[in-house]
Amino acid sequence: MNNADVAATLSEVAALLDLKNESGFKVRAYYNAARAVDGLAEEIRDVAARGSLKNIKGVGSSTAERIDELLQTGSMKYLESLRSEFPSGVRDLLGVPGVGPSLARRVYQELGVESVEQLREASEDGRLAALSGLGEKTAQNVLRNLSRANKRESRISLGKALPVVEELMQALENKAPLRQLTTAGSLRRWAPTIGDIDLMATSVDPDRVMEVFVSLPQVSQVLAHGSTKSAILTDNGLQVDLRIVPDESFGALLQHFTGSKDHNIELREYSLHRGLSLNEYGIAEVETGQRRTFDDEHAFYEALEMAYIEPELRQGAGEIAAARARSLPDLVTTRDIRGDLHAHSEWSDGSVPIESMVEAARARGYEYMAITDHSGGIGLAGGLNPERLLEQIGYIRRLDASLEGFRLLSGSEVDIKRDGSLDFPDELLAQLDWVIASVHSGFTQTREQMTDRIIRAIENPHVDAIAHPTGRLIGRREPYEVDLERVFETAARTGTALEINSFPDRLDLVDTHARRARELGVMLVVNTDAHSPLHLDNIIYGIAMARRAWVEPEGVLNTLPFSELRAQISCVER
DNA sequence: GCCGTTTTCGGCCCGACTGTTTTCAGTCG
């Protein structure tokens with residue numbers, strides 16, 4: 001029973017309470033608790049073990065008791081009793097866009113609908129439209145939405161969304177009379193996954209911009225078309241909303257639609273206590289109704305007497321208090337990165353010669369790079385055997401010696417075997433400048449086995465870092481079970497760095513874990529795991545995770561100039 | 001059900017849009 005399981009259970013309680021027409025506040029309380037548990041950097045069982053469940057913001061004494069029961073017995077009586085009131089299929093109805101708790105409850109109670117399929121039948125044969133307060137349009141809406149993706153499972157990775165958005169924005173800028181155009185929402189906050197895409201604009205001719213927008217070649221369906229708001233579906237199924245407002249409202253609008261929801265709720269609750277009401281048009285005094293507008297976000301936050309908050313930090317995770325105290329972190333940027341310490345070449349599964357990777361790194365302005373081709377023990381990804389590695393070390397040394405103003409490090413992404421031993425003997429690892437170890441097999445080991453395995457690798461003095469520490473692949477593979485708290489404590493003690501892997505499918509460590517690692521004194525390293533020169537550009541995603549984790553430049557190993565980096569790692573003298 | 005720089009009780013973010021209604025409830029972000 002991990003954090004995600006507990007969160008899912010609390011969400012189900014919330015959904016069932018919602019179906020039952022319980023107080024919306026109670027429903028929200030359970031959803032809040034679910035989100036809080038899901039975003040927890042620590043394992044909830046550890047929190048429960050020391051009796052600190054109630055210290056989680058959003059978890060009170062009642063929910064804490066139920067979580068305790070769930071962890072100890074594997075089930076929750078409260079949930080079981082709620083489940084007995086609604087067949088399991090009724091809850092699935094909530095996944096259909098446009099179907100909320102009220103409609104789901106009524107079709108179940110009044111029509112006996114117990115599944116999505118039965119909802120379709122009731123919409124087609126007129127029984128849905130016959131319900132009081134509903135009509136034919138509602139039935140048509142439901143039918144149309146039944147073919148769309150489940151509203152809870154339709155998120156795509158940041159890396160898939162961003163190229164689509166950039167192409168759309170470019171097309172718009174080429175053809176429409178825009179003054180300003182920017183992203184908002186989860187994309188602007190660099191969330192690891194994106195639901196839909198929000199674009200914000202100002203223009204001298206909004207109608208013309210909207211005309212262009214809904215007529216773009218990428219558009220497969222127009223969902224709405226107005227002068228201030230339009231929405232489309234792209235040919236790859238992504239929903240894109242475009243909003244246009246007057247210049248003087250742009251700051252408030254951008255703030256509103258950047259979110260996150262948690263951030264905005266907390267910001268509005270805070271402001272309300274100060275007699276101010278916030279919305280997308282500006283800041284109003286509650287007593288007088290007088291409203292101020294803002295053409296940029298900095299002024300908006302300053303008007304609330306707090307520092308500007310970077311979008312990546314807007315998660316309702318303490319950033320508002322820090323902004324009031326003027327103690328926000330000085331976040332790391334891509335400009336701080338001086339080298340990449342996880343890159344592959346055609347010696348293993350990369351696509352180009354080492355020289356091409358070096359050229360690409362230099363073109364980015366980097367000072368150094370480590371080539372870390374795979375070890376080959378389990379025949380994975382064309383990995384190197386000891387003989388080939390020795391050959392590569394010699395090759396890299398000669399190449400490095402020929403380079404002016406750039407250091408090429410001889411490294412390895414060495415496989416951590418099931419027992420925690422490494423794929424190369426220590427004598428061989430000792431010859432390398434940089435060793436990054438990682439798990440590529442045996443993902444189903446128990447939590448204890450996996451934790452011991454990784455800790456043993458961390459404790460090897462030749463290991464400089466652990467790559468993609470949880471092994472997750474977004475949308476394809478869950479992270480393996482591992483006690484990250486113990487991993488972090490060990491890494492902090494041994495001075496071993498943990499990676500934020502920038503590959504859009506990985507983003508591992510994720511922000512909440514990276515933040516916890518830093519709290520425990522772990523050094524991070526932000527790498528791309530590049531298998532081609534183009535992949536070096538993925539550094540933006542890793543940096544985004546670091547920024548969402550409140551990480552400053554001094555928390556990232558590869559912001560160091562080479563002269564300081566070499567003192568931290570087992571680098572061979574040139 | 002949670003929470004406290006007014007509060008341990010009485011609040012709980014805010015508005016757009018839709019469809020069904022003659023003033024509002026439901027859904028969404």
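Using C1' as the reference atom, B/dG1 and B/dT8 are 14 Å apart when rounded to the nearest Å. Of the P atoms belonging to B/dG10 and B/dT18, the separation is 40 Å, rounded to the nearest Å. Only the P atoms considered, B/dG11 is 25 Å distant from B/dA16, to the nearest whole Å. To the nearest whole angstrom, the two P atoms, one in B/dT21 and one in B/dC14, are 31 Å apart. Across B/dT20 and B/dA25, the matching C1' atoms stand 9 Å from one another, rounded to whole Å. Distance noted for atom C1' between B/dT7 and B/dC12: 13 Å (whole Å). Separation of the P atoms belonging to B/dT6 and B/dC2 is 24 Å when rounded to the nearest angstrom.
Rounded to a whole Å, the OH atom of A/Y270 is 19 Å from the C1' atom of B/dC14. Spacing between atom CD of A/Q255 and atom P of B/dG29 amounts to 19 Å, rounded to whole angstrom units. Remark: C1' of B/dT5 and CD of A/E269 are 15 Å apart, rounded to the nearest angstrom. The separation between A/L103 atom CG and B/dT27 atom C1' is 10 Å, rounded to whole Å. To the nearest angstrom, P of B/dG26 lies 13 Å from CG of A/L131. Taking atom CG of A/D18 as the reference point, atom C1' of B/dG26 lies 11 Å away to the nearest angstrom. B/dG15 atom P lies 13 Å from atom CD1 of A/I283, rounded to whole Å. Rounded to whole angstrom, the span from the CG atom of A/L272 across to the C1' atom of B/dT7 amounts to 14 Å.
Here A/S277 reaches the OP1 or OP2 of B/dC14: one of its side-chain N or O atoms lies under 4.0 Å away. Look at A/Y281 and you'll find a side-chain N or O under 4.0 angstrom from OP1 or OP2 of B/dA16. Look at A/S61 and you won't find any side-chain N or O under 4.0 angstrom from OP1 or OP2 of B/dG1. Between A/N141 and B/dG19, a side-chain N or O to OP1/OP2 separation shorter than 4.0 Å is present.
Comparing B/dC3, B/dG29, B/dG15 by their closest approach to the side chain of A/K261 singles out B/dG29. Ranking B/dC12, B/dG19, B/dT27 by closeness to the A/R28 side chain, first place goes to B/dC12. Considering only the side chain of A/E280, B/dA16 comes nearest among B/dC14, B/dA16, B/dC12. If you check B/dC3, B/dT7, B/dG15 against the side chain of A/N279, the one that comes closest is B/dG15.
Comparing A/I265 and A/A29 along DNA chain B, the residue whose closest nucleotide (by nearest heavy atom) sits nearer the 5' end is A/A29. With DNA chain B read from its 5' end, the first of the two nearest nucleotides for A/N264 and A/A139 is the one closest to A/N264.
Looking only at atom types and distance, the side chain of A/H263 has a donor-acceptor partner in the side chain of A/E319 under 3.5 Å away. Remark: the A/Q255 side chain and the A/Y301 side chain contain an N/O donor-acceptor pair separated by less than 3.5 Å.
Residues from residues 63-79 of chain A with heavy atoms under 4.0 angstrom of DNA chain B, sorted by number: A/T63, A/R66.
Going from atom CG of A/L119 over to atom CG of A/D92 covers 11.0 Å, rounded to the nearest 0.5 Å. Annotation: the span from A/H513 atom NE2 to A/E485 atom CD amounts to 9.5 Å, rounded to 0.5 Å.
Taking the six-membered ring where tryptophan is involved, the planes of A/F294 and A/F300 are perpendicular, since the angle between them exceeds 60° and thus also 30°. Under the 30°/60° scheme for interplanar angles, the aromatic rings of A/F86 and A/Y108 are found to be tilted.
Within the shown strands, nothing qualifies as a pairing partner of B/dT8 under the Watson-Crick or G-U definition with both distances less than 3.5 Å.
A/S52 is linked by a side chain to side chain donor-acceptor pair (under 3.5 Å) to A/R50, counting only residues two or more places apart in sequence or in another chain. Checked against ring-ring contact (aromatic ring centres under 6.0 Å, His included), A/Y281 has no partners two or more places apart in sequence or in another chain.
Residue side chain A/F25 meets the stacking definition with respect to B/dC12: its ring centre sits within less than 5.5 angstrom of the base's six-membered ring centre, and the planes differ by less than 30 degrees.
Using a distance-only test at 3.5 Å, with no hydrogens or angles considered, a donor-acceptor pair links the side chain of A/D5 to the main chain of A/N2.
Using a 4.0 Å heavy-atom cutoff across all strands shown, A/G58 reaches sugar-phosphate atoms only and no base atom. Within the nucleic acid shown, A/Q239 has no heavy atom closer than 4.0 Å to any nucleic acid atom. Across all strands, A/V59 comes closer than 4.0 Å only to sugar-phosphate atoms, never to a base (heavy-atom distances).
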